[in-house]
Amino acid sequence: MQLEFDPNNPKYEYIRSKSHAEEALKKLSKSRVVGVDVETTGFDQYTETLLTVQIGNEEISYIFDARRVNLSELPLYKEILGTKKIIKLLHNAKFDYQWIKYVTGVELENIYDTMLAEAVLFTGLGSGFYSLASLAKKYINVDLDKDIRVSFEGMSHAKFNKAQLGYSAKDTLVLFPIFKKQLVDLKKKSVLNIAKLEFAVSGVVGEMEHRGIYMNAEKWKKLLGEIAVNRVQAVEDFYDAIRPLYPVSQMDLFGNPSPPINLNSQLQLMDLFNNKLKLSLPSTGVAILQEERHPIAKLLMTYRQYEKLLSAFGESFLKLVNKKTGRIHPSFNQMGTATGRFSCNNPNLQQVPSGRKAPFRECFNPKVGYKMVVSDYSSMEMRILADLSGDKKLIGAIESGLDLHSYTASLMFGMEYTDDFKEKHPLKRYAAKAINFGLMYGMGAPSLARKIDVTTEEGEEYMKRYFQSYPSVKDWLNNQASDAVKRGWSTTPMGRKRWYKMPERTDPDYRRIISKIQRQAKNHPIQGANADAIKYALVFVHERFKSGEFDGGITHTVHDEIVCEVREDQAENFAKVLSEEMVRAANMFIKKVPMQSNPFIGDVWEH
DNA sequence: AGAGGTGGTG
DNA sequence: CATGCACCACCTCT
């Protein structure tokens, strides 16, 4: 491809005055596509500084010095970035979106994100993270010197040097040829619509990250304190129980007996269980410990439960409370999984425990004068499975509003379905639930049997009855598996694809790898369709906030749930809107089965 | 620094 | 024979 710029001598204008800025913007306003990038002193808009905004066309990059030029007062700047008529090319747009909106006062519209496009094009094949440098290398064989980026850190008023300006300019110039080549592939692979969805979501992600969520640190600490007391007790109990096995007990400086072993060391625990206690455990995971009658197994499980909560949700969360906002601002990776679901880190809000045992979610609250409004899809994956397979019985059960796991149990075990089945036969329902979920993930009879504690033969019998009850489900799952192996990819009804790296026939692990792909391909359309629905819903819901109808915003999302913070007096109305928009999103491709999203209003996230 | 084990979520 | 999907964080060991 003929490059429209010289990578060794990128063309740019360094703009430090209002009049120069207006002149440049006038030229840019004629473009149908512009490249956009920002340079900052760091990642946090609340504490760091915006240094430049670069906007360019294919030949030249205009580098606006944001310290000298007040971009927010230039109408043409807002027009160019805010109009849907001009495509904005960015790499990892959610980052630039936040700076551009919250420092220069304009909401980016019509985003094309080269990073997300690449993730959509190679879902399942790559790491999921694609740097601009790697794309520049791959598509146009241009090297971007990423070392210069760090030179922006800690800058205040100094002029940028030539290396910095050249670097900044290239960041917008390379976007054009990458965009053109990706666009061809997006069409060729029929994933342009999914890419467009991801682009629309990127702004919503920018909003979520910027808004964050309030976390009551005092309440959090109190909770940790209670758990810490329990952990101390659990450690003592454990050591008291094993000390007789370690006769040469050492004393520490204060004359207290030192711990015989490190409770977190799998190696030392295995030694304890297998050499000292002669139990021959294959591992020390809960699945094994639960089966073990020895009291020490139980003591270890008790300790682990508290240790887990303290190590994973303790100080680390407190450290992540933003100094300026007093809130947690996790980062969301919208293409963080091979199925299309979000991943989340720093911290991972999606794994915060819920329930009475460890009510961490109660520490997340709305700001004063606002309410948490939360809604989640009910039995989403089961509904998707019913729709995609077209299974009459499953669809009928959902239409009648039956409790699905109870209904499945009644079919499999030849029992009568009643409204209080759940209360009368909890174990049967639990078994059916394990099957409902397990089979969606491609589980086999031996695992199923282990899970519900029956013999392998019985497990096989249950599976047989399950598939007799839902014959179309079986066919559909098998078709997903064989299609994926044939084609090398699987797809959701919205057209989100996941590709598979097929093993060589000569690979000694050929069978194992193929089996894994078959399981993944059974699950991907289901999990991925759920992700598609939630992503459309995020865009729809954000539109409602943007229209000015409601005061508030989306704080986060957890796979089948959207969490918002909305002004108190509007919460009732918004709750309806939230669940309606979620249902509308799902109905874009789920036509045979009714969708349901249950809203909840309160002062805590947990519900 | 990276791998493996463990366990939290949907 | 084994083999349940998708993640992230923390710990120990090498």
Side-chain angles (χ1 to χ4, degrees), chain A residues 123-124 128 261-270 281-290 300-301 303-317 319-320 330-355 357-358 360-361 376-382 384-385 434-452 456 459 463 477 480-481 490 498 508-509 511-528 530-531 534 556-562 605-606:
Chain A
T123 305
I261 65 167
N262 181 344
L263 262 178
N264 292 328
S265 166
Q266 136 91 354
L267 207 69
Q268 295 178 40
L269 286 169
M270 287 298 272
L281 301 185
S283 84
T284 68
V286 274
I288 302 296
L289 294 182
Q290 262 169 357
L300 178 59
M301 281 162 58
Y303 163 78
R304 286 246 180 98
Q305 184 192 327
Y306 299 125
E307 166 62 16
K308 174 70 184 187
L309 296 174
L310 288 173
S311 64
F313 308 104
E315 297 301 315
S316 60
F317 271 64
K319 276 196 205 123
L320 289 166
S331 64
F332 293 94
N333 185 352
Q334 66 188 83
M335 285 300 290
T337 71
T339 54
R341 291 220 293 216
F342 276 87
S343 71
C344 176
N345 63 17
N346 296 309
N348 183 358
L349 223 49
Q350 297 184 323
Q351 66 179 148
V352 172
S354 60
K357 229 176 42 179
F360 283 94
R361 292 190 181 194
D376 60 353
Y377 285 119
S378 115
S379 318
M380 185 59 155
E381 296 199 337
M382 288 294 293
I384 291 170
L385 177 65
I435 296 175
N436 275 336
F437 280 104
L439 296 194
M440 273 195 278
Y441 306 148
M443 187 162 59
S447 308
L448 172 66
R450 232 177 298 127
K451 176 91 182 174
I452 61 177
T456 306
M463 271 183 73
L477 287 169
Q480 297 313 303
S490 52
R498 174 182 184 168
D509 287 332
R511 274 309 317 161
R512 193 181 58 77
I513 298 169
I514 291 290
S515 298
K516 192 174 178 72
I517 291 171
Q518 289 173 327
R519 289 194 303 273
Q520 292 170 327
K522 288 174 182 176
N523 179 247
H524 168 242
I526 302 173
Q527 194 181 118
N530 191 353
I534 210 92
H556 61 286
T557 171
V558 190
H559 309 311
D560 59 359
E561 169 184 25
I562 296 178
W605 164 19
E606 167 73 306

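Both backbone and side-chain heavy atoms feed into the values below; hydrogens, waters and symmetry mates do not. Quick note on labels: first sequence line is chain A, next is B, and so on, each numbered from 1.
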Residue list, side chain to side chain donor-acceptor pair (under 3.5 Å) with Thr123(A), at least two apart or on another chain: none
Residues in ring-ring contact (aromatic ring centres under 6.0 Å, His included) contact with Phe360(A), at least two apart in sequence or another chain: Trp220(A), Phe313(A)
Touch class at under 4.0 angstrom, heavy-atom based, for Lys522(A) against every strand present: nothing
dT6(B) versus dT3(C) - spacing of their P atoms, nearest Å: 15 Å
Met440(A) and Leu385(A), any side-chain heavy atoms less than 4.5 Å apart: yes
Segment of DNA chain B, first to last nucleotide, that comes within the 4.0 Å heavy-atom reach of chain A: dG5(B) to dG10(B)
Sugar-phosphate only, base, or nothing, as touched by Arg512(A) at under 4.0 Å among non-hydrogen atoms: base
Sugar-phosphate, base or nothing in reach of Gly438(A), heavy atoms under 4.0 Å: base
Where protein sits on nucleotides 6-14 of chain C, one letter per nucleotide: B base, S sugar-phosphate only, - none, heavy atoms under 4.0 Å: BSBBSSSS-
Qualifying residues under side chain to side chain donor-acceptor pair (under 3.5 Å), relative to Arg341(A), sequence neighbours excluded: Gln527(A), His559(A)
Atom pair CD1 (Ile534(A)) and OG1 (Thr557(A)), whose distance is rounded to the nearest 0.5 Å: 4.5 Å
Touch class at under 4.0 angstrom, heavy-atom based, for Arg450(A) against every strand present: nothing
Short side-chain N/O contact to dC5(C) OP1/OP2 from Arg519(A), under 4.0 Å: yes
Approximate separation, where rounding is to 0.5 Å, of His556(A) NE2 and Glu561(A) CD: 6.0 Å
Those residues that, when tested against Asn333(A), pass side chain to side chain donor-acceptor pair (under 3.5 Å) (two or more places apart): none
Rounded distance (nearest 0.5 Å) linking atom CG of Asn346(A) with atom CZ of Phe332(A): 11.5 Å
